[in-house]
Structures are given as structure tokens and as C-alpha cells.
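So the structure is just underneath, and the comments pick up after that.
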2 protein chains.
Amino acid sequence: MKIGELAKRSGLTAYTIRYYEQIGLLPLADKDASGQRNYDASILTWIEFLGRLKSTGMPIREMLRYADLRQKGSGTDAERRALLVAHREKVRAHVANLQANLLVLDAKIAGYADAEKRIEIENGQPERKPLRAGRARTF
Amino acid sequence: MKIGELAKRSGLTAYTIRYYEQIGLLPLADKDASGQRNYDASILTWIEFLGRLKSTGMPIREMLRYADLRQKGSGTDAERRALLVAHREKVRAHVANLQANLLVLDAKIAGYADAEKRIEIENGQPERKPLRAGRARTF
DNA sequence: CTAGAAGTTCGAGTGCACTCTAAGTCAAGG
DNA sequence: CCTTGACTTAGAGTGCACTCGAACTTCTAG
């Protein structure tokens with residue numbers, strides 16, 4: 001497939017695909033007689049994995065390290081594994097941090113809900129939330 | 001307190017504190033007679049909250065929107081709350097995505113572990129992992 | 001009193017990860 | 001055959017969030 005189709009299928013732009021090739025994240029693509037890149041569908045698996053590393057916050061430098069090891073092939077397994085294990089720990093820590101912050105966010109939001117309630121009470125019975133109304137969503 | 005101490009206590013650099021003030025994330029600081037910024041400890045609470053928004057991935061633009069509403073004061077509660085609720089949803093989605101990617105990472109790492117085991121088997125009993133050895137660390 | 005640490009402003013520089021422009025070549029449909 | 005869209009390269013530009021340099025003033029400890 002050509003770069004345009006790979007772009008569509010991978011979700012990357014053609015610009016980004018060339019950029020990734022240039023920096024070494026993607027292998028140098030095979031070119032046809034006229035110099036156009038020709039991709040095998042198998043590249044999609046690699047791009048998808050890169051996407052996972054990226055979306056878990058791995059910087060390109062580190063993805064490059066992994067890509068280098070991968071391209072070197074056999075004998076780099078232990079190092080590749082170590083790299084992923086280290087990354088996994090960072091991701092786990094990040095998730096834990098996000099979850100802690102979610103709790104703070106919950107508390108903050110609850111505080112605003114309370115404030116709104118207090119205002120409603122100060123204003124008397126608000127017509128948009130009648131006393132006996134069950135599951136009425138106000139907004 | 002002066003900017004240097006606030007920097008120490010908040011974990012931001014003095015540069016960043018001035019930058020945040022300049023863009024409006026922090027209120028214009030009171031200045032003493034000679035023009036040096038003088039902070040009340042209460043600013044730390046706000047900085048800490050900004051840090052939580054930041055570490056959950058909120059871009060500065062959006063923090064600015066929140067800071068603006070906050071500074072406008074009363075009457076903006078509903079909008080501030082809505083902003084936080086929307087952000088919370090994004091964070092939740094992000095956490096879910098990270099967790100899904102962690103599972104893929106687990107599988108990938110397990111694959112490397114298997115590959116190492118296969119190599120050991122191909123090489124016969126590896127001396128670095130004797131059959132009955134308990135907690136030997138190899139590296 | 002004075003050296004040096006810490007403060008000030010303004011504007012320029014950095015690092016990351018793209019994203020696009022320009023100028024040209026190639027390919028596929030009418 | 002010809003247009004139009006997709007492709008090529010090299011290099012410049014973008015947006016974000018800082019981070020720093022320069023030139024200057026002020027505070028503080030000895």
C-alpha cells in the first residue's frame with residue numbers, strides 16, 4: 001500500500017509517517033521504481049504498538065531506543081523487556097496519581113454542588129428543583 | 001513570603017511563578033515598597049490545585065478559563081463546576097485508556113519472558129538459573 | 001560598608017512532536 | 001494526451017510550556 005492509504009489505516013498523517021521514518025521510528029520504507037513508498041500491511045501492527053507507547057506517555061527518544069533494539073533483532077530481548085517493564089512501572093505510577101487526583105476533583109465538584117444547594121436554599125424553594133421531584137435532571 | 005521561598009514551597013521555579021502570573025494563572029502579586037513580590041501562604045493552595053489540573057492533563061488555556069472564572073468570583077460557580085466535570089470525564093477516559101494499554105503491555109512483556117524461557121530450554125539447563133535454586137537474582 | 005545572593009523586567013531561546021510549504025515528479029481517469 | 005491528485009525531498013514553521021540571558025536594583029550577612 002502507498003503512504004496515503006497507510007495514513008488512513010493507521011490514523012497518522014503522511015507527514016508524520018515520513019517524519020517517523022526519518023527519525024528511525026519506522027524502518028526505511030521500500031520504494032517502487034519511481035521512488036514512492038510501498039508498505040506491507042504488517043507495518044500497521046508496529047505503528048499500533050508505537051501508538052500505545054506514545055499514548056502511555058513514552059517520549060520519542062525512548063521509543064527510538066526500543067525501535068533500535070527491535071531492528072537489531074535477536075539478543076536484545078532482555079533489554080527490550082527491561083525497557084517495557086520500566087515503562088510499565090511509570091504508567092502504573094501515573095495511573096495511581098491520576099486516580100488520586102480524580103478523588104480531589106470529585107471533592108471539589110461536590111463542593112460546588114453544595115454551594116449551589118446553599119444558594120437555592122437562600123433563594124427559597126427554587127422552581128427548577130421542586131421538593132418532591134424524584135430524578136429530575138436540572139442540567 | 002518572597003518568590004524564592006514560594007518557589008521552594010510550591011515546587012515551581014521562580015521563572016514559572018512569574019510566567020504564570022504574566023499569563024494570568026496566578027493573580028498579580030502584591031509588591032513591597034521596592035517592587036518585590038510578597039506572597040501570602042494561601043497562594044500555595046491554589047498552586048497545588050493548578051498542579052493537579054496540570055498533572056491530569058489540562059492545558060494551560062483551560063486552566064486560564066477556570067482561573068478567570070474564579071477571579072470573577074460569585075455567579076461563576078455553575079460554569080466552574082461544569083468545567084471540572086468535563087475535565088473529570090476526560091481524565092476518567094484517559095485512565096481507562098491507560099489501563100487498557102497496561103494490559104497490552106503486560107501481554108507483550110509476558111511474551112518476552114516466554115522467549116527468554118525458550119532460549120534457556122534450547123541452551124539446555126542454564127547455569128544461571130539452576131533447577132532447584134530459590135531466590136537467586138541473576139541481574 | 002560592601003560583596004554576593006536574590007529580586008526585577010523584557011525579550012529571546014529551548015525541547016518536543018509534529019505540520020506544513022515549496023518545488024518538483026509520477027500516476028490514473030476521462 | 002492531459003489534468004488532477006498523490007507522491008517526493010529539504011527545510012521552515014507551529015504550539016505548547018516553560019526556561020533563560022541581560023542588565024539592572026535591592027536585600028542581607030559579615
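It should be emphasised that the depicted structure is a prediction, and the values quoted were computed from it without experimental measurement. Side chains included, hydrogens not; waters and symmetry mates left out as well; all remaining heavy atoms used. All chains are named by letter (A, B, ...) in the order of the sequence lines, taking the proteins before the strands, and each is independently numbered beginning at 1.
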D:dA17 phosphate, OP1 or OP2, under 4.0 Å from B:Lys54 side-chain N/O: no
Cluster overlap B:Ile43 with B:Tyr15, hydrophobic side-chain contacts below 4.5 Å: no
Under-4.0 Å salt bridge between A:Lys2 and A:Glu5: no
Whole-Å gap separating C1' (C:dT25) and NZ (A:Lys31): 13 Å
Contact state string [nucleotides 19-30 of chain D, B base, S sugar-phosphate only, - no protein heavy atom under 4.0 Å]: BB-----SSS--
side-chain contact (heavy atoms from CB on, under 4.5 Å) between B:Arg52 and A:Lys108, worked out: CA-CA 12 Å; B:Arg52 291 184 189 281; A:Lys108 190 86 179 174; over 6 Å; no
Atom-pair distance (CD1 on A:Ile17; C1' on C:dA17), nearest Å: 15 Å
NZ/NE/NH1/NH2 to OD/OE distance under 4.0 Å, B:Asp77 and B:Arg80: yes
Pair listing, side-chain hydrogen bond (donor to acceptor under 3.5 Å, both in side chains) test, anchored in residues 22-34 of chain B, at least two apart: B:Asp32-B:Ser34
Whole angstrom value for the distance that separates P of D:dA10 from CD1 of A:Ile23: 16 Å
Between C1' of D:dT8 and CG of A:Asn38, the distance in whole Å: 15 Å
5'-most by nearest nucleotide on DNA chain D - B:Met58 or A:Ile3: A:Ile3
Between C1' of C:dT8 and OH of B:Tyr39, the distance in whole Å: 12 Å
Rounded distance (Å) that lies between atom P of C:dT9 and atom CG of B:Leu28: 10 Å
B:Tyr20 side chain near D:dC18 phosphate (N/O to OP1/OP2, under 4.0 Å): yes
Nucleotide D:dT8, atom P - distance to CG of A:Leu6 in whole Å: 11 Å
Shared hydrophobic cluster for A:Val104 and A:Leu102 (ILVMFWY, side-chain gaps under 4.5 Å): no
Aromatic ring pairing A:Tyr112/B:Tyr66, orientation class (parallel under 30°, perpendicular over 60°, tilted between): perpendicular
B:Arg61 side-chain N/O to D:dC16 phosphate OP1/OP2 under 4.0 Å: yes
d(NZ, A:Lys8; C1', D:dG5) in whole Å: 11 Å
Residue mapping more 5' on DNA chain D - nearest nucleotide basis, A:Arg18 or B:Met63: A:Arg18
salt_bridge(A:Lys72, A:Glu79) N-O dist < 4.0 Å: no
N-O pairing of A:Arg92 and A:Glu89 below 4.0 Å: yes
N/O contacts under 3.5 Å, protein versus nucleotides 10-14 of chain C?
none

